[in-house]
Amino acid sequence: MTGAESLLRTLLANNIDICFMNPGTSEMQFVSALDRVPAMRGILGLFEGVCSGAADGYARMAGKPASTLLHLGPGLGNALANFHNARKARSPIVNIVGEHSTQHLGHDAPLTADIEAFARPVSGWVRTLASAGAMGETATAAIAAAIAPPGQVATLIIPADFSWSEAGDPGPILPPHRRAAPQRGQILTIAKALRSGKPAGILLGGQALTEPALRAAARIAAATGASVYANRNSGRMSRGLGVPAATRIPYFPEAAQSLLGNLAHLILVESKPPISFFGYPGLRSTLAPPDCALENLAAEGEDGLAALEALAEELGAPRVIDVPQNDRPALPAGEPLTTDAIGRTIAALTPERAIFSDESVSSSERIWPHLAVAPAHDYLPVTGGSIGQGLPVAVGAAVACPTRKVIALEADGSAMYTIQSLWTMARENLDVTTVILANRRYRILDIEMKRTGAGPVGPLADRMLALSAPAPDWVRLSEGLGVRAARAATADEFIREFRAAMREPGPALIEAVLD
Ligand SMILES: Cc1ncc(C[n+]2csc(CCOP(=O)(O)OP(=O)(O)O)c2C)c(N)n1
């Protein structure tokens with residue numbers, strides 16, 4: 001068995017059967033092994049940022065890693081921004097990077113680079129394979145590192161000769177991992193704080209934003225009057241009709257500080273203390289009041305659900321929570337196309353158990369409230385602030401959940417970073433509807449320009465923010481990459497196109513013209 005085959009068999013034995021890849025000469029052995037090991041599904045991305053973002057989206061929805069296969073330092077370099085987002089999402093990913101053969105490495109060939117240095121800032125574990133014979137064991141070590149709670153990118157660099165040489169058996173199969181249970185003493189301390197009668201909040205992050213954890217938090221809120229908040233940059237959140245709500249911490253620090261302003265206690269569940277996205281002149285970066293006591297109920301990587309349930313029991317919280325079942329909104333009629341009209345339409349027409357990949361940037365605050373009355377769904381935000389992740393994450397989510405509708409809410413500027421994702425959606429016939437919010441500007445930067453006190457936007461500065469001359473033609477771009485597409489300039493047109501996209505499976509794109 002060659003090293004390449006041993007690697008693929010080790011991944012499969014450990015239940016990793018997807019590889020988002022963009023290979024080159026040093027990875028040819030892996031590509032050819034796909035025909036001998038067909039249980040590994042190779043998915044081609046036409047830019048490495050698609051591969052890393054797709055592996056992130058896959059991990060968030062599947063709860064287990066995909067692998068990525070990238071070409072040398074430059075291939076990894078192209079993938080870094082979305083590995084950065086994956087790192088912030090705590091997504092487990094086994095990232096395999098090909099390296100020159102060992103005898104070639106000393107010659108400083110054109111593609112030679114310090115791959116470990118490229119990998120380190122986004123990876124929790126980095127290793128260059130030492131010999132072909134060590135392949136199985138080292139691959140298992142990479143998988144163990146990736147899935148160690150709370151999850152991380154593990155980068156395994158493989159010299160080409162080790163993949164074409166004879167290797168030993170595949171590596172061992174890992175036992176299922178357990179997240180640490182809550183500390184009894186900590187639960188009692190926090191129960192006491194919540195019984196004190198002082199204003200308290202519970203901030204949920206990580207895996208504590210799934211429905212069972214939201215339900216446990218709602219039980220605690222019912223028993224104590226505490227408010228329940230959501231970390232806006234956590235990888236995945238359950239939401240919609242029938243799901244207990246958590247208030248998302250606002251993006252701008254003034255609104256966030258005012259929301260949390262009266263808290264005496266903030267209980268952290270799989271979340272760091274809340275901080276502002278950016279620092280601004282004269283503003284604090286921390287969002288909780290300076291005298292608020294921060295208490296860790298479960299650290300990142302610990303079992304927040306078990307901790308919340310134990311706390312609810314300790315507090316004698318009601319077992320059943322009544323979640324109001326609001327009506328779905330009425331469709332807009334005869335209205336211009338606004339972000340509100342888009343939000344209402346999506347909430348009214350989205351099917352059960354949809355998955356939203358949200359990279360709607362400046363449109364998000366207007367669309368977000370409407371999704372509260374969409375059917376129960378999963379919501380995947382941008383975790384690390386690096387735009388160009390929404391479409392790749394949608395690809396990965398659709399691969400992980402082939403029976404669910406995925407809806408990518410995409411600001412036009414962000415969508416251009418990894419537009420190649422559309423081709424992978426078409427190639428793999430993924431059930432993703434992409435809504436392009438075509439305001440033809442880097443709109444959020446207009447707002448940030450004012451907030452940072454950077455001065456007025458003159459005509460030359462404006463050319464750095466406007467996407468209008470020429471405006472990208474999304475219908476032609478999408479069709480050119482194999483995804484059916486339509487343009488909507490009124491609410492009625494948007495309703496027609498969105499309804500059709502929800503009825504018909506497979507990839508579709510709607511350009512929603514907002515200017
Ligand atoms: C990789 C990366 N490059 C640049 C930025 C800076 N940036 C933040 S928002 C933004 C423009 C967003 O424009 P668009 O996606 O069209 O959304 P809009 O603000 O119009 O809603 C840019 C360039 C970033 N966050 N990440």
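These numbers were taken from a predicted model, which means no experiment stands behind them. Reckoned from all heavy atoms, side chains included, excluding hydrogens, waters and symmetry mates. We number each residue from 1, following the sequence as shown.
- Heavy atoms only, all atoms of each residue included: Ala426 and Leu481 are closest at CB-O, 3.6 Å.
- The environment of Arg476 atom CZ is sparse: at most 12 non-hydrogen atoms of other residues, nucleotides or ligands sit within 6.0 angstrom.
- Aromatic ring pairs are classed by plane angle as parallel below 30°, tilted from 30° to 60° and perpendicular above 60°; the pair Phe498 and Phe494 is parallel.
- For CZ of Arg36, the number of neighbouring non-hydrogen atoms (other residues, nucleotides, ligands) closer than 6.0 Å is greater than 12.
- The two residues Ala486 and Val475 make their nearest non-hydrogen contact at C-CG2, 3.7 Å.
- Using a 4.0 Å cut-off between a side-chain N of Lys or Arg and a carboxylate O of Asp or Glu, Arg487 and Glu479 do not qualify as a salt bridge.
- Note: Trp368 and Tyr379 have perpendicular aromatic rings, judged against thresholds of 30 and 60 degrees for the angle between ring planes.
- Among all heavy-atom pairs drawn from Ser234 and Leu209, the shortest one is CB-CD1, 3.7 Å.
- The local environment of CD1 in Ile173 is sparse, with at most 12 non-hydrogen atoms from other residues, nucleotides or ligands closer than 6.0 Å.
- No side-chain donor from either of Asp161 and Ser101 sits under 3.5 Å from a side-chain acceptor of the other.
- Between Tyr442 and Met464, the shortest heavy-atom distance links the atoms CD1-O, 3.7 Å.
- A salt bridge links Arg404 with Asp378: the distance from a Lys NZ or Arg NE/NH1/NH2 to an Asp or Glu carboxylate oxygen falls below 4.0 Å.
- Under a cut-off of 6.0 angstrom, the local environment of CD in Glu211 is crowded, with over 12 non-hydrogen atoms contributed by other residues, nucleotides or ligands.
- Across all non-hydrogen atoms, the minimal contact from Ala55 to Ile93 is CB-CD1, 3.8 Å.
- Classification of Arg443 and Glu365 as a salt-bridged pair fails, no side-chain N sitting under 4.0 Å from a carboxylate O.
- Side-chain polar atoms of Lys64 and Asn15 form a donor-acceptor pair below 3.5 angstrom.
- Between Ile96 and Leu7 the shortest heavy-atom distance is CD1-CD2, 3.8 Å.
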